[in-house]
Amino acid sequence: LNPPQKEAVEHRGGPLLVLAGAGSGKTRVLTRRVAHLIGVQGAFPGSILAVTFTNKAAGEMKERIVSLVGAAGKNCWTGTFHSIGARLLRREAERLGLSRDFTIFDRDDSLSSLRRVLNALGISPKETSPESLLSVISRAKNDMMSPADYERESDGPYERLVAQVYSRYEAALREQNALDFDDLLVQPVRLLRDEDVRQQYAHRFKHVLVDEYQDTNKCQYEFLHALTVDHRQLFVVGDDDQSIYRWRGADLNNILDFERDHPDAKVVRLEQNYRSTSMILGAANSVIRRNIGRKGKELWTENGDGHPVLVMDVQNEQAEALAVLKMIKGCMQEENRTASEFVVLYRTNSQSRVLETTFQQGGVPYQLVGGVRFYERREIKDVLAYLRLLVNPADDTAARRVINVPARGIGKKSLEDLQEFARVHEISLLQAMRRTAEGHGAAIRAAAADKLRGFFLILDGAAARMATSPVAEVTEQILQDTDYEQHLEKENERDAATRWENVLEVLSAMQEFADTPEREDASVAGFLQEVTLATDLDNYEETAPRVTLMTLHNAKGLEFPWVFITGVEEGLFPHANSANEPDGLEEERRLFYVGLTRARERVALFTAAERRRFGGINACMPSQFLDEIDPDFVERKSLAPDYSRGRTGGAYRNYGPGRGAGSGGRSGGSGRAGGSHDEWRGRQPARTVRPSRVDDTPDFIPSYEDESQDGVTVRPGMRVRHPSWGEGVVDAVEGRGEGLKLTIKFRGGVLKKVLAIYAKLELLG
DNA sequence: CATATCCGCATTTTT
DNA sequence: TGCGGATATG
Ligand SMILES: Nc1ncnc2c1ncn2[C@@H]1O[C@H](COP(=O)(O)OP(=O)(O)OP(=O)(O)O)[C@@H](O)[C@H]1O
């Protein structure tokens with residue numbers, strides 16, 4: 001630790017803020033602080049509450065503590081705000097009038113409940129989008145506004161509508177004994193408004209520590225305040241330049257006003273960056289300097305200059321993916337790097353698709369973080385819905401989910417009738433279903449009622465087994481009884497196998513959960529909770545020999561030797577929608593800063609001339625952020641500018657100025673410097689099976705052999721040789737550029753379809 | 001009521 | 001382009 005780091009770690013008395021830029025060791029300081037509190041200042045592990053940004057980081061911190069002080073270390077509370085909130089609420093459920101078995105609703109469940117509310121209010125989801133309503137409500141909750149508060153302050157017809165929906169939505173959740181994600185933050189604050197409870201917990205948690213403080217919201221602020229207002233042992237670390245969650249309610253003022261809110265606060269600044277080369281740091285600093293209202297930090301490093309940030313112009317997203325792939329392959333081969341050293345970052349999840357397919361075809365293993373979460377997949381949620389009903393029979397959302405899975409002849413109409421019956425009799429949907437099955441409920445068709453009886457046979461059987469058997473076994477029986485595998489096949493033959501595998505994975509997760517000794521909450525509710533709060537990031541294996549693909553948001557707090565950022569184009573990054581939000585551009589810039597500062601050694605930014613979006617091809621302009629990087633830290637390169645039908649592509653060519661792209665000279669868009677297609681093609685050697693490297697390829701672009709032929713027009717009838725299949729004749733040509741596929745007839749009439757750039761083909765004529 | 005097919009819309013980012 | 005909701009048909 002350097003002196004200021006040490007000062008922070010060893011600080012005694014009063015609130016402390018470590019305000020420091022990227023890679024300056026904030027997280028390290030936080031971890032060491034916990035160790036110091038226990039090891040040197042004699043704090044009990046049980047008196048420590050440490051909030052981390054992921055559950056994984058929380059687990060690692062706890063492990064450290066346990067290795068430091070032994071089993072007692074388990075008594076400290078570490079976790080994300082959400083998981084800590086959930087844990088607190090399970091303990092204190094009755095005080096809030098909740099049952100201990102409450103269900104945590106994910107976004108899907110919340111939306112489903114909201115849709116039902118809209119339906120009951122006669123509001124058409126077409127006119128009023130449930131998604132945007134939910135986000136408004138979520139925002140209100142994170143700002144600690146109750147439905148009544150919202151109603152009071154509502155202005156105009158839309159807000160009045162929101163107020164009404166919000167209030168009904170909350171009631172719907174309470175009726176279902178459910179909490180949404182935001183409740184996990186809001187309800188603990190409500191809980192701590194009871195002075196007795198507050199004192200009890202404030203007394204227990206004598207040391208409260210928070211990582212990534214810049215992205216806390218009002219609600220989290222109040223939570224921390226309630227716990228620390230008396231003893232003032234609040235230790236937070238953060239970087240205002242890395243706040244990227246304003247859109248979900250994060251309040252930068254929490255960190256900006258820390259000193260004002262805590263007059264007795266000490267602020268420690270860390271200015272030495274240990275992560276990145278000075279080129280990368282210089283590039284990142286030059287970008288973030290453009291934001292206004294910053295605390296302002298000067299970062300320096302003892303690390304060497306390193307290499308400039310590479311800016312690559314490519315034709316389209318396919319060329320982009322391929323270029324990334326090739327660079328990674330080249331580096332792995334020639335610099336002996338492992339796949340785990342690379343991360344590919346992007347602004348939107350949809351950009352991962354082309355990367356995935358390219359990596360698959362190129363045989364490079366990857367690890368996708370984010371996107372559709374595992375436990376949000378339909379088949380998984382179906383299975384878990386049965387468990388949810390066993391734990392919490394009031395969970396109408398789960399009931400709605402499984403009522404017709406597998407098909408029981410209960411469609412829209414019967415469901416409506418059942419829900420209406422439940423509403424009139426003030427019972428849960430499950431109870432309405434049971435009464436109907438027993439013959440004194442809603443009037444639905446006899447066949448459907450019969451199927452419902454079958455449903456309860458399964459559910460009640462499972463409930464009975466639950467007392468004696470492990471969850472995994474109970475679930476397995478449910479799957480058998482419902483013929484779920486067959487259901488999957490009937491539904492969609494193509495995906496059935498994958499889906500079933502996912503289901504089996506859940507079973508093994510249950511087993512693992514049950515087999516892990518000394519769990520705080522080993523109940524089924526505990527399992528469901530863990531699963532709902534788990535993110536991909538928690539399962540992320542940083543040392544696995546795979547390239548990481550993830551959004552820039554998910555990359556916060558991580559570091560990699562090599563960072564690729566794709567899609568650095570106007571409208572995508574910064575995202576067009578950000579223009580609608582106040583200070584949206586600044587937040588995008590912070591996100592860019594976060595991306596750049598993940599890198600230890602090298603950064604490559606990609607900007608495409610065109611990109612497929614919604615099926616159409618859109619022309620793209622390079623992102624303004626590229627111009628904002630100080631030219632001294634940039635090296636600009638252009639890849640083969642254009643591909644035309646029937647020619648395999650791929651050689652790197654250098655068109656741009658070697659250095660200092662600056663702001664001028666970009667008006668023509670990117671990557672089109674090569675003139676017309678024919679002209680360009682005409683200049684290529686007639687036949688180059690293994691082109692020598694383009695001379696001016698700078699040495700920091702990994703040198704690799706281009707595996708495709710370059711500049712050759714392939715036509716049906718041409719003879720080729722394949723290393724393993726021997727000689728053959730091109731039968732058909734489809735696709736273009738990097739996606740060029742050849743159907744080749746080999747000896748014996750064997751037809752093979754190959755991607756030209758990967759098949760090591762030799763052209764014979 | 002289930003199934004097949006069509007159409008329209010979407011992509012910002014996440015617990 | 002691809003999914004999910006809406007509509008038509010059996
Ligand atoms: N005093 C130090 N000596 C050597 N290396 C250090 C020191 N402090 C931190 N590091 C290293 O610097 C890197 C960044 O540390 P850390 O992740 O804690 O920074 P951070 O400020 O939390 O970064 P960010 O805000 O970007 O997430 C890590 O690899 C860490 O091991």
Side-chain angles (χ1 to χ4, degrees), chain A residues 51-55 79-86 104-111 115 124-126 129-131 134-135 138-139 141-142 179-186 212 215-217 219-220 243-250 317 345-354 369-373 375-376 378 404 406-417 444-445 447-448 451 490-492 495 529 532-538 550-556 567 571-581 584 587-588 590-592 594-595 611-618:
Chain A
V51 185
T52 56
F53 197 65
T54 64
N55 294 302
T80 61
F81 275 108
H82 286 88
S83 63
I84 287 169
I104 298 171
F105 275 7
D106 68 12
R107 200 188 131 82
D108 273 359
D109 299 320
S110 299
L111 258 183
R115 286 213 173 89
S124 155
K126 273 190 198 148
S129 129
E131 286 83 4
L134 191 65
S135 74
S138 169
R139 199 50 189 274
K141 291 177 86 162
N142 282 305
L179 298 176
D180 67 12
F181 281 139
D182 302 321
D183 282 324
L184 299 181
L185 310 177
V186 174
E212 308 281 8
D215 274 326
T216 51
N217 61 34
C219 183
Q220 293 160 339
S243 168
I244 55 176
Y245 286 106
R246 259 182 59 126
W247 54 271
R248 64 172 194 202
E317 76 281 355
L345 303 175
Y346 37 82
R347 179 65 180 82
T348 66
N349 282 304
S350 60
Q351 288 169 257
S352 71
R353 193 182 214 101
V354 59
V369 179
V372 182
R373 308 224 308 259
Y375 285 96
E376 278 169 4
R378 202 176 66 245
N404 208 29
R408 298 194 173 84
I410 298 175
K412 205 171 159 219
K413 180 69 171 64
S414 306
L415 179 59
E416 283 293 330
D417 290 351
I444 64 171
R445 288 150 71 129
K451 289 260 176 58
K490 245 199 321 209
E491 199 180 55
N492 183 341
D495 303 345
Q529 169 173 316
T532 341
L533 296 184
T535 70
D536 267 11
L537 223 39
D538 299 325
M550 64 175 136
T551 60
L552 286 138
H553 281 88
N554 273 326
K556 185 161 81 154
L572 186 59
F573 194 21
H575 198 278
N577 294 359
S578 70
N580 308 327
E581 314 225 341
E587 177 140 323
E588 295 287 304
R590 289 194 291 267
L591 192 55
F592 189 54
V594 167
R611 188 173 290 274
R612 273 199 107 79
R613 242 185 134 190
F614 309 142
I617 293 176
N618 294 60

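Using cut-offs of 30° and 60° on the angle between ring planes, the pair Phe573(A) and Phe592(A) is perpendicular.
At the phosphate of dA2(B), OP1 or OP2 sits under 4.0 Å from a side-chain N or O atom of Asn404(A). Contact check, Asn554(A) against dT14(B): a side-chain N or O comes under 4.0 Å of OP1 or OP2. Dashed line: the shortest gap from a side-chain N or O of Thr551(A) to OP1 or OP2 of dT14(B) is under 4.0 Å. Phosphate contact (OP1/OP2 of dG4(C), side-chain N/O of Arg378(A), threshold under 4.0 Å): absent. Contact between the side-chain N/O atoms of Asn349(A) and the OP1/OP2 oxygens of dT14(B) is found at a separation under 4.0 Å.
Atom pair Glu131(A):CD and dT13(B):C1' shows a separation of 16 Å (rounding to whole Å applied). To the nearest angstrom, P of dT13(B) lies 11 Å from CG of Leu591(A).
Of the candidates dT13(B), dT11(B), dT15(B), the closest approach to any side-chain atom of Arg613(A) belongs to dT11(B). Listed nucleotides dT13(B), dT15(B), dC3(C) differ in distance to Arg353(A); the shortest reach to its side chain belongs to dC3(C).
Looking at heavy-atom distances under 4.0 Å, Ser350(A) makes contact with a base. Note on Arg590(A): nothing from the nucleic acid sits closer than 4.0 angstrom, heavy atoms only. At a threshold of 4.0 angstrom between heavy atoms, the contacts of Thr532(A) with the nucleic acid are absent. No engagement by Phe573(A) is indicated, since no non-hydrogen atom pair under 4.0 Å with the nucleic acid exists. Residue contacts for Glu581(A): at a heavy-atom cut-off of 4.0 Å it reaches a base atom on one of the strands shown. Residue contacts for Ile410(A): at a heavy-atom cut-off of 4.0 Å it reaches the sugar-phosphate backbone alone, with no base atom in range.
Toward the 5′ end of DNA chain B lies the nearest nucleotide of Ile444(A), the other residue of the pair Thr535(A) and Ile444(A) mapping further downstream. Both Ser578(A) and Gly411(A) sit near DNA chain B, but only Gly411(A) has its closest nucleotide nearer the 5' end.
Residue ring and base: Phe81(A) does not count as stacked with dT15(B) (centre distance below 5.5 Å and interplanar angle below 30° not both satisfied).
The pair Asp106(A)-Arg373(A) does not meet the salt-bridge criterion, since no charged nitrogen lies less than 4.0 angstrom from a carboxylate oxygen. Under a 4.0 Å N-O distance rule, the pair Glu587(A)/Arg590(A) qualifies as a salt bridge.
Using a 4.5 Å cut-off on side-chain heavy atoms (C-beta onward), Arg248(A) and Asn142(A) make no contact. Looking only at side-chain heavy atoms (C-beta outward), Arg612(A) and Val354(A) stay at 4.5 Å or farther from each other.
Between dG4(C) and dT13(B), the two C1' atoms lie 22 Å apart (nearest whole Å).
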